[in-house]
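One-based numbering, in listed order, for ligands and for the atoms of each.
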Amino acid sequence: TCTPKNRNDALHPLWQSPLTIPGGTRQSPINIQWRDSVYDPVLKPLKISYDPATCLHIWNNGYSFLVEFDDSADRSIIVGGPLENQYRLKQFHFHWGAINEWGSEHTVDSKFYPAELHLVHWNAVVYPTFEEAVMEGDGLAVIGVFLKLGAHHEGLQTLVDALPAIKHKDTVIEFDVFDPSCLLPPCPDYWTYAGSLTTPPLTESVTWIIKKQPIEVDENQLEAFRMLLFTSDGEEEKRMVDNFRPLQPLMNRTVRSSFQ
Ligand SMILES: NS(=O)(=O)c1ccc(C(=O)O)c(S(=O)(=O)NCCc2ccccc2)c1
Ligand SMILES: [Zn+2]
């Protein structure tokens, strides 16, 4: 097999896109070294208000499964925290591994969690569309929540029950009422840093807000994620696992914490 002349030319097996962005200075995900994070007393509590009726559908996009929301008005929003504006919820999705030893995109003190939830929001105060916000440094805000193996998660089970119906790429089902707040841990503490999308176009437009406390899910619920397929109906089946991007260099960035 031909090997790229250097690592930068390597293509990511999942996205056939460059692994690195030439000149990227704020790529994601990163390892969060707890002792290197800096408490910032200016950081406000994050205020989250989601309207469960804005939930539209759940679908398999061949890379993860995602629940999309009606973001045509300010009905499901976050404000405060490190953010200067309010941001509208567009979708949430997950990243997970083939086994419980890895799966999250971010790590804490080099520890992987078995999965990570991302709630994607965009700055509709400043930008007219999501597509434009994706290209701007303050365009997106993504809340990251780690999933750890433990007790059964009632709220997640509603999603898990829908997964068999979206086993194949590009399958979608109605999902009319779901409140993503039930997937958030009770502890308000978070880390925040300036980063990027972890999927193409990998644009450096994300203010990451990573919750310190994981939520607990049980083995059956993680296994349900792993029965999804990257492939369409009729294609040779490829299990949807290990859909996380490799860690990226911290470069000249500081991770701030909302807690001491
Ligand atoms: N891990 S992450 O939060 O960076 C992320 C992962 C997947 C997606 C997605 O497109 O599904 C997204 S997205 O919904 O923000 N879409 C980004 C790509 C995109 C740009 C412009 C129009 C449509 C999609 C974000
Ligand atoms: Zn993600």
Side-chain angles (χ1 to χ4, degrees), residues 12-21 24 26-32 54-72 76-78 83 87-97 102-107 112-124 126-147 156 159 166 169-172 175 180 183-184 190-211 214-215 225 228 230 240-248:
H12 190 280
L14 201 53
W15 304 301
Q16 300 312 310
S17 75
L19 260 178
T20 57
I21 291 290
R26 51 174 279 193
Q27 289 290 294
S28 295
I30 59 169
N31 174 53
I32 297 168
T54 54
C55 187
L56 293 174
H57 45 252
I58 182 171
W59 67 294
N60 176 334
N61 68 356
Y63 152 77
S64 179
F65 70 92
L66 53 153
V67 178
E68 292 198 305
F69 290 79
D70 169 8
D71 60 354
S72 59
S76 288
I77 56 153
I78 59 171
L83 305 172
Y87 286 64
R88 274 186 203 165
L89 177 65
K90 177 171 179 49
Q91 59 105 313
F92 68 80
H93 62 275
F94 295 82
H95 304 262
W96 60 92
W102 61 72
S104 59
E105 294 217 296
H106 293 86
T107 54
F112 282 93
Y113 284 91
E116 185 173 336
L117 158 65
H118 289 158
L119 296 130
V120 180
H121 310 76
W122 61 283
N123 185 345
V126 174
Y127 305 110
T129 65
F130 169 76
E131 285 72 13
E132 283 178 76
V134 164
M135 309 311 285
E136 304 293 337
D138 61 349
L140 303 180
V142 181
I143 297 176
V145 180
F146 295 117
L147 276 62
L156 187 75
L159 296 177
I166 56 164
K169 177 179 177 191
D170 293 333
T171 46
V172 57
F175 212 62
L183 300 173
L184 298 171
Y190 62 84
W191 289 284
T192 183
Y193 77 97
S196 74
L197 291 172
T198 67
T199 65
L202 302 172
T203 42
E204 298 184 334
S205 53
V206 180
T207 299
W208 282 94
I209 299 167
I210 308 289
K211 302 294 282 182
I215 59 169
F225 286 17
L228 292 170
F230 283 127
M240 183 180 276
V241 292
D242 298 335
N243 56 356
F244 55 90
R245 189 189 190 198
L247 290 171
Q248 302 296 309

- prompt: Of the non-hydrogen atoms in Gly97 and Asp242, which two are nearest, and what is the gap between them?
  reply: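 Here Gly97 and Asp242 meet closest at CA-OD1, 3.2 Å.
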Does ligand 1 have an atom under 4.0 Å from some heavy atom of [X]?
X	answer
Pro200	yes
Glu105	yes
Pro201	yes

Would you indicate whether the side-chain heavy atoms of [Y] and [X] approach each other to under 4.5 Å?
X	Y	value
Ser64	Gln91	no
Ile78	Leu119	no
Phe92	Val145	no

What is the nearest protein non-hydrogen atom to [atom], stated with its residue, atom name and distance?
atom	value
atom 3 (O) of ligand 1	His93 CE1, 3.3 Å
atom 11 (O) of ligand 1	Gln91 NE2, 3.2 Å
atom 25 (C) of ligand 1	Leu197 CD2, 3.7 Å

field: Closest candidate by heavy atom, reference atom 24 (C) of ligand 1, pool Phe130, Tyr63, Phe92, Trp122
entry: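 Shortest heavy-atom distance from atom 24 (C) of ligand 1: Phe130.
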Selected option - heavy-atom contact closest to atom 20 (C) of ligand 1, from Thr203, Leu119, Val134: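 It is Val134 that holds the nearest heavy atom.
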field: Distance-only side-chain donor-acceptor flag, Thr171 / Asn60, under 3.5 Å
entry: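 Thr171 vs Asn60: no donor-acceptor pair found between side chains.
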field: Partner of His106 by ring pair (Phe, Tyr, Trp, His ring centres under 6.0 Å), out of Trp208, Trp191, Phe146
entry: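 Per the ring pair (Phe, Tyr, Trp, His ring centres under 6.0 Å) rule, the option paired with His106 is Trp208, out of Trp208, Trp191, Phe146.
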query: Between Glu116 (side chain) and His95 (backbone), is there a donor-acceptor pair under 3.5 Å?
result: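 Checking the backbone N and O of His95 against the side chain of Glu116, no donor-acceptor pair under 3.5 Å is found.
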field: Donor-acceptor under 3.5 Å (Ser28 side chain, Leu197 main chain)
entry: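 Not at all, since once roles are kept as given, no pair shorter than 3.5 Å links the two residues.
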- prompt: Any N or O of His95 that comes nearer than 3.5 Å to an N or O of ligand 1?
  reply: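 By distance alone, the answer is yes.
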Nitrogen or oxygen atoms of Thr198 and ligand 1 under 3.5 Å apart: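 Between Thr198 and ligand 1 (N or O atoms, distance only) the closest approach is under 3.5 Å.
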Opening angle at the Zn ion (ligand 2) [ND1, His118; NE2, His93; to 10 degrees]: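 Value returned, to the nearest 10°, is 110°.
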